[in-house]
Every structure is written in C-alpha cells, then in structure tokens.
Student: 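Okay, here's the structure, questions in a sec.
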Protein chains: 2
Amino acid sequence: MSEVGIKEIAARANVSTATVSYVLNGTRNVKLNTRERVMRVIEEMNYKPNNAAQSLKRKRTNTIGVIAEDVTVFNVPEIIDGINDCADKMDMHILLTNLRLDKRIGRNFDQTDSYRHYANNAVSELLSKQVEGIVYIGVHPRDLTGLIDTSGKPIVYAYCYTQSDISIQYHDEQASYEAMTYLVKKGHTRIGIISGTMDSIPSRLRFNGYYKAVTEHELPFDPQLIKMGNWEAESGYRLAKELLELEQRPTAILAMNDVMAVGVMRAADEMNVQIPRDLSVMGFDNREFSDYLIPRVTTMDLPLHEIGFQAMESLALLIKGEQVERKPMPVCKLIERESVDAPR
Amino acid sequence: MSEVGIKEIAARANVSTATVSYVLNGTRNVKLNTRERVMRVIEEMNYKPNNAAQSLKRKRTNTIGVIAEDVTVFNVPEIIDGINDCADKMDMHILLTNLRLDKRIGRNFDQTDSYRHYANNAVSELLSKQVEGIVYIGVHPRDLTGLIDTSGKPIVYAYCYTQSDISIQYHDEQASYEAMTYLVKKGHTRIGIISGTMDSIPSRLRFNGYYKAVTEHELPFDPQLIKMGNWEAESGYRLAKELLELEQRPTAILAMNDVMAVGVMRAADEMNVQIPRDLSVMGFDNREFSDYLIPRVTTMDLPLHEIGFQAMESLALLIKGEQVERKPMPVCKLIERESVDAPR
DNA sequence: ATAGAACACTTAAACGTTTAGATAAACGAG
DNA sequence: CTCGTTTATCTAAACGTTTAAGTGTTCTAT
C-alpha cells in the first residue's frame, strides 16, 4: 500500500487532513498560499490518495466491470477499446473478467447451465469488488434475457441480445441490405448468399436485409441461390461449390462472414473461377485477413469501437440513475476492395 | 454500494461483527452451531463483504494492473488471456488499462517522450488504485529499460524487453532457427529471408537464429538472399520481387512475419510463381489469416498464452516478496501447412 | 468603529471491515 | 472441586479518507 498517507502530508504542511483533502479534490476554497504549500509537500512525498479509503468513504469506486465471453475472439478487443476509450473520459476504471467461454464450452449454445454458472460467478465477484456497473461483451450473439442476475446493479450488453436490459448492437439488417445494393449497383442480378447458422439473431437479421434488397431491387428470387452455412470456412467452400455447379451460376456471392468468404475463394480457386473476373465475392466483418487475401476482399466493417463506446455511455447514464435515450444504432461501413467487379 | 453490511448480519445472527468476520474468513474457530446460523443469515441477506473496506484494512487489494500498449494488436488478447488464466487461479483481479498507443503515436519508436507520458500516467492511476503489481504488455518489442517508474511496486513486462526488470519473451532465436532447419530438411539450400526492421530486438534475434542455421547446416552464405523489410506487407511484396528477380532464385523464402509473407505471396502470384511448387514460403507469428490464405501458410506459432501466464506467475512471486526463479523461455511451435514443399 | 457576512481552516465522526486483546465459558487433570 | 488451559465469543481500535459542523479570522458596508 501507499506508504505515505494524508496525515503525514497534513503534518508536514502544517494543516489539517481536511485541508489537504480540500486542495486534493477542490471541494472548498483554500488560500492560494496554503494550497501551494500543500501541493508542494504532495509532490515531494509523491503522495497518492489511497483509493480503498476513498471508495469506502465516498461510496463510489469509479470502477466498472467488463465481462468478456472470450477476449481472444476477433470482435472483443475492439469493443474493449471502445469501452476503455469512453471510460477514460469519465475517469472510470475497468475491472476485466475473461470467461474463456470459447475454450470452456465452445460454440455450443445449449450449455445454458454451465454458461449461466460462469457468467454469474463473474458477476458475483465483480459485485463484491464494488463495481458500479457491468458491461457484458457477448461474442456469440445469443439472447441472454434473464440469464444474468446483477442484484440491481446496472448492466449493459454489447454485441449480444437481451430483452430485459439495454443492449447495444450494430445494424445488421441495414448492413446486408447495403452490401446487396452495392452488388446490384455493380450490375449483378443473380446473387448467391451463404448465411450463418439460422439460430443466431444477426444471421436472421442479415438475411432480412438480403431479402429486403431482393424485393426492393426486384431481383429474380431463386431459392437455389440461398445457402445455409455455419460461419466456418469449410461451409463456405462446400456451398460455394454447390452454387458454382448450378446450371445458371450466380455472378456474385455474398458470404455472411469473411471466414466463409475464404471458403468461397478456395472453391473458386479449385474450380478455376477467377475472382472478380468470373465471380464477385463479398464478405462480412472486415476481419483483418480480408485485406490480405488475393484478391483483397470487399466486405462490411463492423462498428465495434462504437458499440463499446455506446455501451459505456449508456452504462454511465444508468449508474447516474438517469434515463438512457435510444441512440441510433451504429452502422456498418462498406469497405471496397478488389473482389467485386461488374459481371461480364 | 452493498446495502447490507457486516453489522446487520451480526445483529441478525446475534453475534458480534468479529464473529461474522471469522466465519467469513475462517481465521478463527467458530462453533459449528453459530457458524451455521451466521452463514444462513449471510445467504438470506445475500451479503457480500465490501471490498473497499476489506482492502483498506487488510492492505491488500488482490488486484493487479494490466497495461496494454494496444489491446487491438494481434498478440495482446491472447497474452491477456494467459494473464487472466493465472490470475484466476490466485484469486487476483485485473484492472485493465489500454494505452491505445498504436492509434496515438503509431509505430514511431522515437516518440519516447509522449510514450513515457502515457505509460507513466497509466502506472500512476493504477498505483493509486492500490494494485499490488503491474504487468505491462508491450506490442512493439522495444527496450523499455528505465522508462517506467512504479515507485517500488513490482512490475513485469510481457513480450517486450527491459534490462532493469523481469520481462517474459519467447525464444525468438530458436524459433527462426527451427524454421530454417525445417526448410533445410525439406531440401532447400538457397533460402531467402525477409527480416523485420533491424531496430527491433526480436528482429535481430530472429536473424541470429537464421544465421546460426546457415552456418550449422553449412548453407552457402549469399548476402543477396538477405532482405531487410519493415514488417509490412508492401515490403514483403517488394523484396520478394527482388529475390525472385535474382539470376539464381531462392527456392524458399522465410518472411519474419506473416504479414510480409502475404506480400511475398502477392509477388509470387503476380510473377506467376506457384507456391509451393516453384517457391516455398514460410511466415512467422501464426496470425489467424495465415490459415486462410491460398495456399495455407506454414508458420511459427507464438506462445502468447504462456507468456501471459508466466508473466502473472512471476508477478505473483514478486508481490509475495519471493525470489522469482528463471524459467525456461516459452518456445514457438512450427505449424506445418501447405506453403512449403521440397524444391523441384 | 462595528455588525454581519464571507472566507479559511480545524475538529471529529463516519465509511465497513479486520484483528489484537479481553472476557467468559467449557474442559481436563489432579 | 479447584486451578489452569483451551475454546468461543466480544470489545474496540484501526485502516486512510471525506465532510458536516464548528471556530476563528478577515473583509464589507454602514
């Protein structure tokens, strides 16, 4: 612990501890003269107020808990960055808990029990650490409604879905709509899509966006062009082959994540289909590698930083007991690269 | 703050606060009878000890600070995961600070002043939060000796270098030696390398490993085969072209990170050099995308989790005031994929 | 010159725990 | 049955701050 306390400072500066506290916090006027004297002693002794004591007295810890389902999943660090960014501004600190869910229970959405166990343990620990609120970063976009009990402390969810509390997501539907519109503007009319697993909410939303684009742009609706993947490269590979083997090939494929887009590119490579000459490919997520593939793939960038930032903003409001007004949903941004061209 | 305190529990259980504390911490014998009574009340009221008060009295916060130069840089999350893993075991919590260095000052190693400023600010905040120690995750492997002042609190560095304190790195030299040996075993003798910037320590270590392999395996030493890159894809691209334009082409290229390996593959693609038929390519870092490229690239996996774990272990020892014994350096692991073959 | 307000500073209680030391009760040996 | 010891519990101080209330001191306006 800090060796030197406020008493020592007070003694050396010939004032009471109260005065030291006042100059430290600026909570009352202190004559310039004495203020400077106190400051000087503080400097000299390199005094730092003991935060434990402060928290105890103030009943405020200036600390929030961040629970990440798994920090090593691609979207999490950026979200944390956003939270941290906002927290900095409000002089809040971040107590981080990593659930390691990917490593512990994998993507099995049904292990609700062990899931609930890990999550609530983490919450419980954080609460006893006196965090003023929690932001929960879900990586697999499941619906968490009712799973987590914070005994009244404010919580906001980032990236995942819940009905009972505040949760910040980006605008999935509009993103896939925008992607489709982009392909249409490039001249494509036969567009294949490879979706994620349909038990995931964003997957359904992205599909909605696709469907909206199909109707609005009056594309021929062909069920053969719709493939159900599972987010993994292998499924992109397999389904792209199916699409490319159609008697009437699509001229473009929209994969609902970049990983499946990789699979698409592999399939194209194998079948000697050149991208983007013979086939346009579009991904989703703007994973770092999408810029490293050959050709560099056009994709939708996720507003992860913004999600984190907004989550923290909302949490701060909840902590202050204020109403949190609905903000416009963060939107994705189209990243134009080399994998899309006009059809020949 | 917690609404219900130890006094309330004591009152309801008809004991003194001391007794409650004893059953809570097991620091003294309490008759089974009363212990159970106290426990029951604790349960009923969902009582959680106020950590601020505990910390104040115990002079222990069970919290360490983690400073990350930038959480969004590829190696950081995995290191945090390792730290978190170990911290969990020791019942320690993590107060996270993200310097956002990449965004604020970029890779400019020379901005020592503003660098020092950010880092020491973070340290200072953490110290006043009463962390018991700090692990500092550097992303650009510069030498940080003397830059950071923790006023006596233990600190350990992960991934970066320092002479004055404990720092945990992986074994760079042996990794590049192993990579080279692998290529040699595959039958290559003319091996080009593209190094990182030579002002970076790992870059020099990796070069040492290369050189050691060259001499030990009695490869012809040809300075033309050694190219100095800057870690970026573009430099890999440019330098691979130079290598491929040599009158006596190398049959394999070892790029000292996966990003530059991407550049190599682009160059090869453009020059119609097929990988691995006409040229073997090896990367370094096992970035996620290395598995997504076509062909999937063989590379060296970094023991990031282990680095984080060891860092936390060492820190725990320092905190306890114990000697930290030198452990064997974590080593990289060769990930064999498709980009390397025997020369034709 | 003086009352009253404004200002600068101090005193001491409080925040919710832990823990040494005190006390009381129960036990065991003779 | 007594004395010493062990065991169970309690009392109260302490941890390092903040802050309401109190005490001087210095202005300001008359």
Side-chain angles (χ1 to χ4, degrees), chain A residues 1-42 45-63 91 93 125 127-132, chain B residues 1-39 41-42 45-63 91 93 125 127-132 151:
Chain A
M1 245 41 186
S2 248
E3 311 77 2
V4 29
I6 201 174
K7 280 187 202 151
E8 174 113 28
I9 304 296
R12 299 217 184 203
N14 258 310
V15 292
S16 70
T17 63
T19 305
V20 177
S21 177
Y22 292 138
V23 346
L24 229 32
N25 303 304
T27 30
R28 276 202 202 174
N29 279 341
V30 175
K31 243 205 311 205
L32 184 66
N33 185 3
T34 54
R35 189 198 350 260
E36 277 175 344
R37 185 155 32 95
V38 172
M39 291 287 235
R40 200 165 344 105
V41 180
I42 287 176
M45 317 237 25
N46 189 27
Y47 164 72
K48 301 232 164 54
N50 180 319
N51 185 266
Q54 289 184 319
S55 298
L56 179 57
K57 191 78 231 283
R58 291 180 177 159
K59 311 213 173 205
R60 291 214 49 197
T61 54
N62 274 38
T63 304
D91 206 29
H93 290 249
E125 291 242 344
L127 288 184
S128 102
K129 271 274 177 191
Q130 317 303 122
V131 298
E132 301 184 21
Chain B
M1 245 43 184
S2 251
E3 311 77 3
V4 28
I6 201 173
K7 280 186 204 153
E8 174 112 28
I9 304 295
R12 299 216 184 203
N14 258 312
V15 292
S16 71
T17 63
T19 305
V20 178
S21 176
Y22 293 139
V23 347
L24 230 32
N25 303 305
T27 30
R28 273 202 202 177
N29 278 341
V30 175
K31 241 200 320 198
L32 183 67
N33 183 6
T34 55
R35 187 195 358 253
E36 276 176 345
R37 184 155 32 95
V38 171
M39 291 288 236
V41 180
I42 287 176
M45 317 237 25
N46 189 27
Y47 163 73
K48 301 232 165 55
N50 181 321
N51 185 265
Q54 289 184 317
S55 298
L56 178 57
K57 192 78 231 287
R58 291 180 176 159
K59 311 214 174 205
R60 290 214 50 198
T61 55
N62 274 41
T63 304
D91 205 29
H93 290 250
E125 292 241 345
L127 288 185
S128 102
K129 272 274 178 190
Q130 316 305 122
V131 298
E132 300 184 22
S151 30

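As the structure is a computational prediction, the values presented were derived from the model and not from experiment. Chain letters run A, B, ... following the sequence lines, proteins first, then strands; residues in each count from 1.
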Student: B:Y22 has an atom OH; how far is it from atom P of C:dA20, in whole Å?
Tutor: 8 Å
Student: Are OP1 or OP2 of C:dC9 and a side-chain N or O of A:T19 less than 4.0 angstrom apart?
Tutor: no
Student: Specify the separation, in whole Å, of atom NZ of A:K7 and atom P of C:dA12.
Tutor: 14 Å
Student: Would you mind checking if A:R12 and A:E8 are paired as a salt bridge, meaning a charged N to carboxylate O distance below 4.0 Å?
Tutor: yes
Student: Using a cut-off of strictly less than 4.0 Å, decide whether B:T34 has a side-chain nitrogen or oxygen near OP1 or OP2 of D:dT9.
Tutor: yes
Student: Among A:N46, A:V41, A:I9, A:N50, which one satisfies side-chain contact (heavy atoms from CB on, under 4.5 Å) with A:V4?
Tutor: A:I9
Student: Would B:S151 and A:K48 count as a side chain to side chain donor-acceptor pair (under 3.5 Å) here? Give the steps.
Tutor: CA-CA 11 Å; B:S151 30; A:K48 301 232 164 54; 4.9 Å; no
Student: Measure from CD on B:Q54 to P on D:dG16 and round the result to the nearest Å.
Tutor: 16 Å
Student: Nearest of C:dC15, C:dA8, C:dT10 to any side-chain atom of A:V15?
Tutor: C:dT10
Student: Would you say the side-chain atoms of A:T61 pair up with the backbone N or O of A:Q130, donor to acceptor, closer than 3.5 Å?
Tutor: yes
Student: Whole Å only: how far is the CG atom of B:N29 from the C1' atom of D:dT6?
Tutor: 11 Å
Student: Mark yes or no for a side-chain to base donor-acceptor pair under 3.5 Å between A:K57 and D:dT17, with no hydrogen or angle criteria applied.
Tutor: no
Student: In whole Å, I'd like the distance from the CZ atom of B:R35 to the P atom of D:dA8.
Tutor: 9 Å
Student: Any base atoms under 4.0 Å from B:N14, or only sugar-phosphate, or nothing? Heavy atoms, all strands.
Tutor: sugar-phosphate
Student: Whole Å only: how far is the NZ atom of B:K59 from the C1' atom of D:dG16?
Tutor: 8 Å
Student: On DNA chain D, nearest-nucleotide positions of B:A53 versus B:K31: which is more 5'?
Tutor: B:K31
Student: Figure out the CZ/C1' separation between B:R37 and D:dA8, and round it to whole Å.
Tutor: 12 Å
Student: Answer yes or no: does atom CE of A:M39 have more than 12 heavy-atom neighbours from other residues, nucleotides or ligands under 6.0 Å?
Tutor: no
Student: Between the base of D:dG16 and the side chain of B:R58, is there any donor-acceptor pair under 3.5 Å?
Tutor: no
Student: Could you check how far CD1 of B:I6 sits from C1' of C:dT18, rounded to whole Å?
Tutor: 8 Å
Student: Looking for any heavy atom pair under 4.0 Å, which part of the strands does B:N25 touch: base, sugar-phosphate only, or nothing?
Tutor: sugar-phosphate
Student: Side chain of A:R28 only, heavy atoms from C-beta on: which candidate in D:dA20, D:dT9, D:dA8 is closest?
Tutor: D:dA20
